[in-house]
Engineer: 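What follows is a structure written as structure tokens; I'll ask about it next.
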Amino acid sequence: GESVGLHLPTLSVQEGDNSIINCAYSNSASDYFIWYKQESGKGPQFIIDIRSNMDKRQGQRVTVLLNKTVKHLSLQIAATQPGDSAVYFCAETYGGSQGNLIFGKGTKLSVKP
Amino acid sequence: GAVVSQHPSWVICKSGTSVKIECRSLDFQATTMFWYRQFPKQSLMLMATSNEGSKATYEQGVEKDKFLINHASLTLSTLTVTSAHPEDSSFYICSARAGDYGYTFGSGTRLTVV
């Protein structure tokens, strides 16, 4: 289930299940969105991106959905593995990939073996 | 792929001293560098944006005289935390942007001020 911790919401899933991480973005003018994975003590790692002219994009085991009407972004991870345990951030920018990248609050994903 | 090297990975300094953090783009020219700060269990907060050869643009609430940013070349940007205090202890992360490479992040620097 999903719960709100001190600062980061946490999502706990069983290994092999699918995970859905949600993000509400703030700027209706944003036109480029990126999902990042951050492991403890490391910098963010690019997972997948999507431009505002699309509503869905798929990668390897990951899918990003964009709903511009309600300014909502989601990341779906199929067959979640222990190595997927990390904090996931959505980030938004405008001007394509030329603007400042602003990060959302983040969700901690915990995968139980 | 594009790689950004950030050093040091961690540093401990005494209150009142200054600390310099370096970010280098290894295989591309970074026209723009971003500096972020991240407190425990929180998101990355943009501190400033710098373009090569220009003065940095600081976000609201970030003291430009305290956090000195230099982007003198297309492959190197530095952040100097001057007169550091314990409340400056944080995880500092740089990001570089260059054309089609999008945004590439450094590995971060853990600063502890004692």
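Just so it is clear: chains get the letters A, B, ... in the order the sequence lines come, proteins before strands, and each one is counted from 1. Side chains included, hydrogens not; waters and symmetry mates left out as well; all remaining heavy atoms used.
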Engineer: Heavy-atom cut-off 4.5 Å, strictly under: side chain, backbone, both or neither for B:Gln6 against chain A?
Structural biologist: neither
Engineer: Between A:Arg57 and A:Asp49, does the side chain to side chain contact (heavy atoms under 4.5 Å, CB included) criterion hold? Intermediate values first, please.
Structural biologist: CA-CA 8 Å; A:Arg57 189 156 189 241; A:Asp49 60 359; 2.2 Å; yes
Engineer: For the backbone of B:Asp65 and the side chain of B:Thr82, can you confirm whether one donor and one acceptor N or O come within less than 3.5 Å of each other?
Structural biologist: yes
Engineer: Against the six-membered ring of A:Tyr32, is A:Arg51 placed for a cation-pi contact (under 6.0 Å from the centre, within 45° of the normal)?
Structural biologist: yes
Engineer: Would you check, one step at a time, whether the test side chain to side chain contact (heavy atoms under 4.5 Å, CB included) holds for A:Tyr94 with A:Ser52?
Structural biologist: CA-CA 10 Å; A:Tyr94 57 90; A:Ser52 59; over 6 Å; no
Engineer: Of the backbone (N, CA, C, O) and the side chain (C-beta and beyond), which part of B:Leu46 lies under 4.5 Å from a heavy atom of chain A, both, or neither?
Structural biologist: side chain
Engineer: Check each atom of B:Phe39 against the heavy atoms of chain A and say whether the ones under 4.5 Å are side chain, backbone, both or neither.
Structural biologist: neither
Engineer: Salt-bridge test for B:Glu22 and B:Arg24: reply yes if a basic N is under 4.0 Å from a carboxylate O, no otherwise.
Structural biologist: yes
Engineer: Given a strict heavy-atom distance threshold of 4.5 Å, which part of A:Phe46 is in contact with chain B: side chain, backbone, both, or neither?
Structural biologist: neither
Engineer: Given that the side chain runs from C-beta out, which part of A:Gln45 has a heavy atom under 4.5 Å from chain B: side chain, backbone, both or neither?
Structural biologist: neither
